[in-house]
Protein chains: 2
Amino acid sequence: MADLDPLFISAGYLLLKAGTHFHTLIDAALTDLDLTGRQLLVLGFANRGGPLSQQMASTRLGLDPTIVVALVDELEACGAIKRERDPDDRRRHQLKLTPKGRKLYDSAVRAVTAAERDFLAPLDRTERESLRKLLVETMTPRLPWMSDDA
Amino acid sequence: MADLDPLFISAGYLLLKAGTHFHTLIDAALTDLDLTGRQLLVLGFANRGGPLSQQMASTRLGLDPTIVVALVDELEACGAIKRERDPDDRRRHQLKLTPKGRKLYDSAVRAVTAAERDFLAPLDRTERESLRKLLVETMTPRLPWMSDDA
DNA sequence: TATTGTTATACTCTATAACTATA
DNA sequence: TATAGTTATAGAGTATAACAATA
């Protein structure tokens, strides 16, 4: 090990580095499907957990609502989701996966899962599960939709 | 736990979320010192590990060299580092911490360490160290300067 | 009056290309 | 000829403000 400042072997720094590194791997793994990481997340939230409004997508993805508009435009243009007026509140759109969108999502999840396996290759099976559990424990208090609805 | 797609409890997704979340905490913790996360990393690399050129900073931070110029400009303007011509190759700059820069760095590391402790509060001491080791194991093959010099 | 979604626009951040000085 | 650093500029990504429809 080189003569490094302790900062660079801290959990926080390595977490940041791991995040950005994995992010590039994800986007690379999704290029074949003409999909971005963000688009995949929208599909994922639309896939389960009840009706998804654009505002919900905005808070869950941590993105400005105006960005979600463009994001949903793209996904609707490629036929993966469709906007439907919410009958209970006609201001809202319900974002729903089309059959094509569901197939696309399944393929994308497979691609991302493979990328994750590559990324975590230095760890064995129990270590990978250990890491996952530690991250769940850390992030659950910070992701509202993990504990209940949002 | 809500009816969530498995994607959102995967190690990869949680890693991305943890990374971005911690990133905002870091920047918030550094505002009092008028410092950004990137500036802190430059100070950290200049603090140890031999002479640091701007090109080295560029590869280590994963930033375009033109961005490093502005980054170093800022740090030099506030008196935290200074550029010195490398006597062995006068094209290069050696980035060196000033005494003021070292003090600033020490303060910043304390602030970041506190933020990290807050962020990892859901974990106990052994769990935090376990997470750190798993991240070291995962990232060492991907960070050239971890194993030797770069 | 407040909220959802939308558009238009201004701002920030980043990358590209061209230049200098050194090698 | 190639490389380290710099500058100027164009492009992508983002946030801000104003608007229409609905509550």
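By convention in this document, chain letters (A, B, ...) are assigned in the order of the sequence lines, proteins followed by strands, and residues within each chain are numbered from 1. Since we're looking at a predicted model, the values are computed, not measured.
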For this session: Scan residues 70-80 of chain A for pairs that pass salt bridge (charged side-chain N to carboxylate O under 4.0 Å, His left out), counting only residues two or more places apart or in two chains.
Result: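 Of all non-adjacent pairs touching residues 70-80 of chain A, those that pass salt bridge (charged side-chain N to carboxylate O under 4.0 Å, His left out) are A:D73-A:R83, A:E76-A:R83.
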Nearest whole angstrom, please: distance from the [atom2] of [N] to the [atom1] of [X].
X: A:R90; N: D:dT22; atom1: CZ; atom2: P; result: 6 Å
X: B:L95; N: D:dG5; atom1: CG; atom2: C1'; result: 11 Å
X: B:L71; N: C:dT14; atom1: CG; atom2: C1'; result: 13 Å
X: B:D88; N: D:dA4; atom1: CG; atom2: C1'; result: 14 Å
X: A:L75; N: C:dG5; atom1: CG; atom2: C1'; result: 16 Å
X: A:L61; N: D:dT14; atom1: CG; atom2: P; result: 12 Å
X: B:L52; N: D:dA4; atom1: CG; atom2: C1'; result: 13 Å
X: A:M56; N: C:dT3; atom1: CE; atom2: P; result: 17 Å

Problem set entry | Side chain A:T98, main chain A:A80, donor-acceptor under 3.5 Å | yes
Exercise. Quick one: does B:R85's side chain have a donor or acceptor within less than 3.5 Å of a partner on B:R90's backbone?
Worked result: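 Between the backbone of B:R90 and the side chain of B:R85 there is a qualifying donor-acceptor contact (under 3.5 Å).
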Taking 4.0 Å as the cut-off, does a side-chain nitrogen or oxygen of [X] come that near to OP1 or OP2 on [N]?
X: B:R38; N: C:dT14; value: yes
X: B:Q55; N: D:dA4; value: yes
X: A:R83; N: C:dT4; value: no

Problem set entry | Given C:dT6, D:dG5, C:dA17, the nucleotide with the shortest approach to the side chain of A:T66 | C:dT6
For this session: Compare the minimum distances between each of D:dG5, D:dT7, C:dA15 and the side chain of B:D73, then state the nucleotide with the smallest one.
Result: D:dT7
For this session: Identify whether any heavy atom of A:D89 sits under 4.0 Å from a base atom; if not, whether one sits that close to sugar-phosphate; answer base, sugar-phosphate or nothing.
Result: sugar-phosphate
For this session: Describe, in one word, how the ring planes of A:F8 and B:F45 are oriented to each other, choosing from parallel (under 30°), tilted (30 to 60°) and perpendicular (over 60°).
Result: parallel
Exercise. With no angle test and no hydrogens, is the base of D:dT3 tied to the side chain of B:R91 by a donor-acceptor pair under 3.5 Å?
Worked result: yes
For this session: Starting at CD1 of A:I81, measure out to CG of A:N47 and round the result to the nearest 0.5 Å.
Result: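 The CD1 atom of A:I81 sits 12.0 Å away from the CG atom of A:N47.
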Seminar exercise, completed: Contacts of B:Q94 and A:D64 projected onto DNA chain D by closest heavy atom; the upstream (5') one is B:Q94
